[in-house]
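Counting starts at 1 for both ligands and their atoms, following the listed order.
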Amino acid sequence: MVVLSLFLMWRIKNPNNDAIWLWGMSVVCELWFAFSWLLDQLPKLCPINRSTDLMVLKEKFETPTPNNPTGKSDLPGIDIFVSTADPEKEPPLVTANTILSILAADYPVEKLACYVSDDGGALLTFEAMAEAASFANLWVPFCRKHDIEPRNPESYFNLKRDPYKNKLRSDFVKDRRRVKREYDEFKVRINGLPDSIRRRSDAYHAREEIKAMKLQRQNANDEPVEQLKIPKATWMADGTHWPGTWMITGPEHTKGDHAGIIQVMLKPPSDEPLHGTSDDTSRLIDLTGIDIRLPLLVYVSREKRPGYDHNKKAGAMNALVRASAIMSNGPFILNLDCDHYIYNSQAMREGMCFMMDRGGDRLCYVQFPQRFEGIDPSDRYANHNTVFFDVNMRALDGLQGPVYVGTGCLFRRIALYGFDPPRSKEHEPGCCSCCFGRTKRPASVSSTPEENRALRMGDSDDEDMNMSLFPKKFGNSSFLVDSIPVAEYQGRPLADHPAVKNGRPPGALTIPRDLLDASTVAEAISVISCWYEDKTEWGNRVGWIYGSVTEDVVTGYRMHNRGWKSVYCVTKRDAFRGTAPINLTDRLHQVLRWATGSVEIFFSRNNAILASPRMKFLQRIAYLNVGIYPFTSIFLIVYCFLPALSLFSGQFIVQSLDVAFLTYLLVITLTLCMLAVLEIKWSGIELEEWWRNEQFWLIGGTSAHLAAVLQGLLKVVAGIEISFTLTSKSGGDDVDDEFADLYVVKWTSLMIPPIVIMMTNLIAIAVGFSRTIYSEIPQWSRLIGGVFFSFWVLAHLYPFAKGLMGRRGRTPTIVFVWSGLIAITISLLWVAIKPPEGSIGIGGGSFQFP
Ligand SMILES: O=c1ccn([C@@H]2O[C@H](COP(=O)(O)OP(=O)(O)O[C@H]3O[C@H](CO)[C@@H](O)[C@H](O)[C@H]3O)[C@@H](O)[C@H]2O)c(=O)[nH]1
Ligand SMILES: [Mn+2]
């Protein structure tokens, strides 16, 4: 920071009078870069590492006590939400695998509930989920019996390592073979679903038409009836009409218009374990002594009607929050995207370690890092994002907590409801005063723990939670309102449980699941209707927050803003794994969406400048950085053209390569290198990953981020809404060419700025060279600065250039030859038109040649 400020001062005091424009532009950019660098660095001041001890959790919650002689698990309930929106872009097989990994997770079955949100309302997804539910009857006990990891069948059967290693049971080989065969059949069934639905629907449609025709003929003698038009419909296997969207694909695929659908696909399990018996011969594998229960599985497709804003993923999640409150009301909610499966079956237990620890009641969520599969080994477009997930997020963990990144996040339900954390009015001792946390003395020392516990909600300190205001905030479902205090009570850490000090009374904390009768389901249907949120606080202060394509960041921000803390849980074995777009265009669009969301945040009331005093200073800086980073693109683009401009004009950003300038540059570069080394060492990432991240920072910065700034401005100025382009997920079926997608070149206008930058710099280098060579007294030193920085820009854009070349990227020489030829031609032309002898002023002497 010191060197940087000295450097900037020197730069301002020493203008290049030969080329004031060049100097001015560069100094403005440098000031901005220094500012954004500061925003990026400051939140890294208190990094921490955490670890969990699953044995302790087991000891506290699952060992027999006098109160609980069987050692029945006392862990709190978790509702898992999986979101899917489009069976075209998100293959049902992927979603089905995710569901299977959840159903097989290592967590007490009766405490787990899995909800699938299908925003497409597609019969295809529905039937795929039903298939998954039935396959789970085999898959889940198999996983339990043989301790399978990962519990996603597709990944498990594709494992490269020896499946028989460390497997003790003698029947493993036989079981595995049988399950594998069943899985292959399951896959065939899932992949055949689109066809069978289409055929079935066509048949039923024909039947309906014939019926209508007959009816018409009967009526025809009375009076002429106008031509009956039977609307096309999708038909379920039992011959009833699917209330969701019409067809799986095609132009008639009308998203945004269908009824709300809830289907319990797996009934709530019994409270006590149900073991397989030896005389049960209907099963494919022997399950004697294995718990064969399955968790609750519910398919939900919220109602969609034209004319309503459905608020994308945030709207879908809020519908699930309400429906699940009525059906299982788990005090914790785990959110996963359809392509993110549970890779470590104990992941939820790890999260619980934090939630149920002393003081855990102040945690709004536990975020797990996102890890990806199926990415090209060189990770050309920095898809693994390790710098973000292993440096930035862990650094935030030392402040108020990591940001919520949309998937792999375990929430406390009542934090999602918009309540304040407990003891939010008290002074909190210790804890990172180095992070400039607020150290306010308590106004009054609260007397009883119960008083502390009163659910508080609201940005003003005195607005205590008033039950009579619940309907206004949460809508008028009394089931929902009644479930809120229950969720609060059940989510409390054991240690400070007011009623019982040494463990909970057994059974007191599970709500009877047999409540899942018709009236419950009817109520759940009503809370997923599109009018339910009218005149409530949903999306505003309650649940996932609306109004941004990056609803995740905003949702987490609101909680931190109330004073909640979050925790980053990096597990030894990855907790969850997902997919990421490896195609350049898809990746750019993803980055575009994130950056647009950031610009939206910047121009909204969620801008961190307006944060409440409950947010820690450095946390605020971090959020500010989230909102500001896309704007860096403006300066970055200018700066990428500077070396070219300097080569064209023969001028440089400084008058001469002064010793002071060079020294500053050297010291700054060295310090930055040292910082990078420190970061790499501390976080355990590779130098290569770090470099990829730098490269993609420039690629995204010159393309997607700029577009995001423009889009964001359009939204603010003209109110043009921003659409959510789903990221396509590959089915993982194309084994022969795993990374084919990497080489597909799909044109997007986002590519224009980096291409222009690349071309200009190449030409400028050639121009600079030829001019120096042809001049009478070659001034190589003048050339060096420009060429060096041009190369710096080009080196960053290298992956982008490779991406543009598609398959031929393997033999890119020809392209280089061509661009070289073109560049040389242009520079020869330039030299011919403007011979380098003497200085010829153009346009008032600003473009001067030596
Ligand atoms: O109207 C919608 C749109 C999206 N989704 C779901 O949202 C998830 C994320 O969409 P995806 O296209 O995969 O986005 P990514 O860029 O991969 O997602 C990251 O960034 C998003 C915010 O931009 C977050 O919502 C995601 O959780 C986070 O993983 C998927 O499960 C979708 O099914 C819906 O349910 N309804
Ligand atoms: Mn995704």
shortest atom 29 (O) of ligand 1-to-protein heavy-atom contact is with D337 OD2, 2.7 Å
Going by heavy atoms, is E551 under 4.0 Å from ligand 1? yes
So, does D86 sit close enough to ligand 1 that a heavy atom of it is under 4.0 Å from the ligand? no
For atom 19 (C) of ligand 1, find the nearest protein heavy atom and state the residue, atom name and distance (0.1 Å precision). W594 NE1, 3.8 Å
S728: which of E88, K89, E90 passes side-chain contact (heavy atoms from CB on, under 4.5 Å): K89
Report the part of Q590 in contact with ligand 1, treating N, CA, C, O as backbone and CB onward as side chain, heavy atoms under 4.0 Å; options are side chain, backbone, both, neither. side chain
Under 4.0 Å, heavy-atom basis, I'd like to know which part of N335 is in contact with ligand 1: side chain, backbone, both or neither. neither
Report yes or no: is the cationic atom of R558 (NZ for Lys, CZ for Arg) closer than 6.0 Å to the six-membered ring centre of W564, at no more than 45° off its axis? no
When rounded to the nearest 0.5 angstrom, what is the spacing between CG in L480 and OH in Y532? 5.0 Å
Between R151 and Y343, is there a donor-acceptor pair closer than 3.5 Å when you use the side chain of the first and the backbone of the second? no
At what distance is the nearest protein heavy atom to atom 23 (O) of ligand 1, and which residue and atom is it? R593 NH1, 2.8 Å
Assess, by modelled atom type and distance only, whether the side chains of E154 and N158 contain a donor and an acceptor separated by less than 3.5 Å. yes
Below a 4.0 angstrom heavy-atom separation, can you tell me which part of E90, side chain or backbone, both or neither, approaches ligand 1? side chain
Ranking A85, S83, G315 by closest non-hydrogen atom to atom 31 (O) of ligand 1, top hit is S83
At the 4.0 Å heavy-atom cut-off, does G597 count as touching ligand 1? no
Atom 13 (O) of ligand 1: which protein heavy atom is closest, and how many Å away? K729 NZ, 2.6 Å
Using a strict cut-off of less than 4.0 Å between a Lys/Arg side-chain nitrogen and an Asp/Glu carboxylate oxygen, indicate whether R371 and D390 qualify as a salt bridge. yes
Are K715 and E600 within salt-bridge range, i.e. N to O under 4.0 Å? yes
Tell me whether R302 is salt-bridged to E533, with the criterion being a basic N under 4.0 Å from an acidic carboxylate O. no
Close N or O approach (T727, ligand 1; < 3.5 Å): yes
What residue and heavy atom of the protein are closest to atom 7 (O) of ligand 1, and at what distance? K313 CD, 3.2 Å
